[in-house]
Amino acid sequence: MTGTSAGVSVGGKAVELPTRSGTIGPDVIDIGTLYKNTGTFTYDPGFTSTASCESKITYIDGDEGVLLHRGYPIEQLAEHGDFLEVCYLLLYGELPTKSQKDDFDYRVTHHTMVHEQMSRFFTGFRRDAHPMAVMCGCVGALSAFYHDSTDITDPHQRARTSAWSPRCA
């Protein structure tokens, strides 16, 4: 919160709405209570002036062509990093050191066994099925195979699903 507010008047009814400041970008007006207080919604076609969520991981400014993950431009990560390095960044908030990267790579590559029945799940799709449809179906099915690791509030289960992180265990 910034300690400031924005006044809005709808149909003669005035309300004060708090403003928030992000790490980057302009302040925003928190309209979470607008409907409750005025009975009206906002209209913003294409979300051109709307922050849809609060994120400590990603910052997007489409008009300026900015996409940051944990403060790093996506172009820099794509050119100088690899997939597992970006995974580490997203999970832990910082790029790994050489030893952290080696350890993380080892844990991920040695914890990638696929259950045989999960493997058979792929054969249920047509061979010309769109890859995104296959991915959505298979990711959804993972909870049926690994139902003991779906509680996101449990640090041990989160660690198990993200390559057995010693930081979360």
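The two atoms that bring L89 and R70 nearest to each other are O-NE, 3.3 Å, heavy atoms only. When all heavy atoms of D44 and S49 are compared, the pair lying nearest together is OD2-N, 2.8 Å. Across all their heavy atoms, C138 and F121 have their closest contact at SG-CD2, 3.6 Å. Residue I57 comes nearest to S55 through the heavy atom pair N-OG, 3.0 Å, listed as atom of the first residue, atom of the second, then distance. Nearest heavy-atom pair across G137 and F125 is CA-CZ, 4.2 Å. In terms of heavy atoms, A129 sits closest to V134 at CB-CG2, 3.8 Å.
Side-chain contact check for D82 versus K101: some heavy-atom pair is nearer than 4.5 Å. R20 places a side-chain heavy atom less than 4.5 Å from the side chain of E54. Side-chain contact between D102 and Y106: absent, with no pair of heavy atoms (C-beta onward) separated by less than 4.5 Å.
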Should L77 and L95 be marked as a side chain to side chain contact (heavy atoms under 4.5 Å, CB included) after you check the CA-CA gap, both sets of side-chain angles, and the distance that decides it? CA-CA 10 Å; L77 295 172; L95 288 171; 4.3 Å; yes
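One hydrophobic cluster, built from ILVMFWY side chains closer than 4.5 Å, cannot hold both L68 and L90; they sit in different ones. Side-chain heavy atoms closer than 4.5 Å link hydrophobic residues (I, L, V, M, F, W, Y) into clusters, and following such links, even through other members, never connects F83 to V86. No single ILVMFWY cluster, assembled from side-chain heavy atoms under 4.5 Å apart, contains both Y88 and Y72. Tracing side-chain contacts under 4.5 Å through hydrophobic residues (I, L, V, M, F, W, Y), one reaches V139 starting from M132; they form part of the same cluster. Taking hydrophobic clusters as Ile, Leu, Val, Met, Phe, Trp and Tyr residues chained together by side-chain heavy-atom distances below 4.5 Å, V8 shares a cluster with I31.
In this structure, CG on L34 lies 4.0 Å from OG1 on T40, to the nearest 0.5 angstrom. Rounded to the nearest 0.5 angstrom, Y92 OH and C87 SG are separated by 10.0 Å.
Partners of R120 according to the side-chain hydrogen bond (donor to acceptor under 3.5 Å, both in side chains) rule, which considers only residues two or more places apart in sequence or in another chain, do not exist here.
Between Y35 and F41, the ring planes lie parallel to each other; the angle is under 30°, not in the 30° to 60° tilted range.
Using modelled atom types and a 3.5 Å distance limit, the side chains of T19 and D27 yield no donor-acceptor pair. For Q100 and T97, the side-chain atoms include at least one donor-acceptor pair closer than 3.5 Å.
Within 6.0 Å of CG in L84 there are more than 12 heavy atoms belonging to other residues, nucleotides or ligands.
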Anything under 3.5 Å between a donor and an acceptor, one on a side chain of residues 10-17, the other on a protein residue two or more places apart or in another chain? List them.
| residue | atom | partner | partner atom | Å |
| --- | --- | --- | --- | --- |
| K13 | NZ | N37 | O | 2.9 |
| E16 | OE1 | S5 | OG | 2.7 |

